[in-house]
Amino acid sequence: MTLTVQPHRETLGLKDGRLLIGGEFRETAETWTHHHPATGEEIGHFAVASPEDVDAAVLAARKAFDEGTWSRSKVGERIRVLRRYSDLLREHSDELRGLQALDNGVPLSFGQIYATSVGIAADIFDHHAGWIDKVGGQTLPPYQGGDHLAMTFREPVGVVAAILPWNAPFVLFAQKLAPALAAGCTVVVKPSEYASFCVIRMVELLIEAGLPEGVINLVTGPGDPTGEALITHPAVDKISFTGSRAVGRRIVEASAGTMKRVSLELGGKSPALVFADAPNVGLAAMTCMGMVTMGLSGQACVAHTRALVQRDVQEEFVATASMLASAVTFGDPFDPAVLASPLINQKQLDRVLGYIERGQQDGARLVTGGTRLEGDLASGNFVAPTIFADASNDMTIAREEIFGPVLTVVPFDDEEEAIRIANDTEYGLGAGVYTNDVRRAFRVSKRLRVGMVGINGFQLEPHVPFGGFKQSGLGREGGQSAYEAYTELKTVMMPLTDELM
Ligand code: NAD
């Protein structure tokens with residue numbers, strides 16, 4: 001039977017997507033047709049914002065910011081609106097998961113995993129609502145004595161352009177919008193053209209929560225023209241972006257003209273260092289393989305896609321990873337038994353298959369997978385979970401972000417070699433260290449040039465900083481530092497006597 005997701009379109013009452021500019025929903029002359037990645041079916045249409053539409057959205061955000069309806073509103077009111085929104089997200093969790101399944105094909109089963117769920121998005125809004133009445137400035141003592149005040153204040157950075165990728169829209173929407181709105185900024189959000197419907201609904205719920213007109217604006221459409229018009233707009237004060245390194249570079253260039261503030265969460269080629277004394281080599285293998293297959297099929301920036309495994313336990317590691325690979329189920333994302341998604345589009349499918357071919361040409365040992373899934377799944381972008389063993393770190397499959405279900409296993413002999421290989425990359429997002437030796441765990445963690453290390457596993461949570469070293473990005477999302485990234489620091493000084501005048 002041919003796979004179809006069409007009935008869910010009706011059940012979820014999917015409407016064509018519109019822009020939101022200054023509190024008004026608008027249609028556009030040009031629209032984008034979304035095709036489902038699991039079936040190729042036409043799912044729906046949404047507006048493509050032209051440069052003129054983007055200009056109107058940014059100016060609406062500018063006006064709302066300058067008028068201060070949100071940026072200078074009562075702290076208690078800001079807290080109440082964000083907490084109301086958290087509740088609305090929880091109430092609409094099933095609907096949002098369904099819309100995501102129509103957007104990017106992420107199965108409902110994975111939509112429940114905390115790290116990418118609507119639940120974590122709600123918790124992130126709660127977390128940042130909690131900072132609103134707590135983050136302040138300092139009063140500094142006079143450096144050279146005398147009687148004067150030097151104080152610092154935190155003020156909202158202004159108009160924020162929030163640009164999202166398609167793979168984890170709930171959590172990434174929240175990681176940007178929650179601190180921005182908590183800090184008092186106004187926002188123009190642009191979802192990915194491959195995951196717009198669930199973000200459109202998340203924006204509608206923000207209005208329902210009581211956000212004043214113009215504080216949140218929505219532009220949909222592709223990188224060009226919509227994204228380009230946004231990142232080059234002179235009235236944008238800050239760009240907060242999650243996506244590919246190539247677009248991240250373009251944003252840094254585009255921000256230079258007006259010195260926009262920039263936060264970037266880019267890709268990774270994160271290593272897992274599995275030592276022979278790991279508490280459970282099989283569990284380490286399940287974690288790595290799980291991250292490159294389950295749910296997003298490896299289309300996850302933090303996935304540990306480079307498994308550096310001590311030579312003595314490589315075969316044990318590969319055997320368990322292969323077992324998991326054979327247990328992954330694909331198909332209708334609305335079927336609770338389906339565990340993994342298709343690749344997002346034809347371009348990504350070709351790219352991943354190209355890397356698999358390259359791995360074989362370079363001499364890595366293909367243990368399992370490597371092919372497209374056929375039969376009922378032939379019209380979707382499905383690739384079988386793939387493992388390469390006996391790879392070396394100079395091979396393309398060990399250096400470039402594949403963003404697909406491919407685990408590259410590189411054997412090593414000792415701790416020093418493992419650290420050297422782990423750090424031999426342009427990226428620095430995350431890493432895993434698997435060992436029973438607590439001193440080794442911390443010794444190695446300190447030497448790794450990455451933003452996040454998991455020792456024998458990890459859990460992403462709303463209050464922990466998230467982000468990378470090197471070309472994995474700029475700045476951190478999550479926690480107090482994320483809130484502060486949406487503020488400017490202002491110093492105010494005042495002599496208390498005539499002595500210093
Ligand atoms: P992408 O860079 O192609 O697109 C991301 C967003 O940028 C989309 O909304 C797209 O329309 C927009 N865009 C594209 N060109 C633009 C331009 N010139 N100007 C402005 N906007 C533009 O990325 P993707 O394919 O959606 O996502 C995959 C990438 O995202 C991977 O590299 C992955 O590692 C990264 N990612 C990183 C994190 C993280 O937190 N570090 C999380 C998820 C994904």
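Counting convention: from 1, in listed order, for ligands and their atoms alike. Here the structure is a predicted model, which means the values were calculated and not measured. The figures here come from the full heavy-atom set of this structure, side chains too, leaving out hydrogens, waters and symmetry mates.
Closest non-hydrogen pair, M291 versus V302, comes out as SD-O, 4.1 Å.
In this structure the side chain of T226 never reaches within 4.5 angstrom of the side chain of T220, judged on heavy atoms. Side-chain contact check for S341 versus Q299: some heavy-atom pair is nearer than 4.5 Å.
Among A229, C301, G467, the residue whose heavy atom lies nearest to atom 42 (C) of ligand 1 is C301. Across the listed options G243, A195, G267, G430, G243 owns the non-hydrogen atom lying nearest to atom 35 (C) of ligand 1. The heavy atom nearest to atom 13 (N) of ligand 1, considering only G268, S192, G223, A162, is found in G223. Residue E401 holds the heavy atom nearest to atom 32 (O) of ligand 1 of all those in K347, E401, K269, K190.
Under 4.0 Å from ligand 1, not a single heavy atom of T226 appears. Contact annotation: for P191 versus ligand 1, heavy atoms closer than 4.0 Å belong to the backbone alone. At a 4.0 Å heavy-atom cut-off, ligand 1 touches E193 through the side chain alone. Within the 4.0 Å heavy-atom criterion, the part of F241 lying near ligand 1 is the side chain and not the backbone.
Checked options K470, R449, R399; the residue passing with D424 is R399 (criterion: salt bridge (Lys or Arg N to Asp or Glu O under 4.0 Å)). The salt bridge (Lys or Arg N to Asp or Glu O under 4.0 Å) test with R245 singles out one residue from E265, E401, E426, and that residue is E426.
Residue I163 places a heavy atom less than 4.0 Å from ligand 1. Residue contact annotation: L172 has a non-hydrogen atom under 4.0 Å from ligand 1.
The shortest contact between atom 1 (P) of ligand 1 and any protein heavy atom is with S244 OG, 3.6 Å. The single protein non-hydrogen atom nearest to atom 25 (O) of ligand 1 is W166 NE1, 3.2 Å, given as residue, atom name and distance. Of the protein's heavy atoms, G227 CA, 3.6 Å lies nearest to atom 21 (N) of ligand 1.
Taking distance alone, with nitrogen or oxygen atoms compared against 3.5 Å, P222 stays at or beyond that limit from ligand 1. At least one N or O atom of E228 sits closer than 3.5 Å to an N or O atom of ligand 1. Residue N167 places no N or O, backbone or side chain, under 3.5 Å from any N or O of ligand 1. Distances between N or O atoms of T242 and those of ligand 1 include no value under 3.5 Å.
A donor atom on one side chain and an acceptor atom on the other are not found under 3.5 Å apart for K269 and T408. Residues R306 and N393 bring a donor and an acceptor atom of their side chains to less than 3.5 Å of each other.
The backbone N or O of V187 lies less than 3.5 Å from a partner atom in the side chain of N217, making a donor-acceptor pair.
Under 4.0 Å is where a charged nitrogen must lie from a carboxylate oxygen, and between D126 and R90 at least one such pair does.
Outside the 6.0 Å centre-distance limit, the rings of H128 and Y486 are not counted as a close aromatic pair.
Counting non-hydrogen atoms of neighbouring residues, nucleotides and ligands closer than 6.0 angstrom, the CZ atom of F442 reaches no more than 12 such neighbours.
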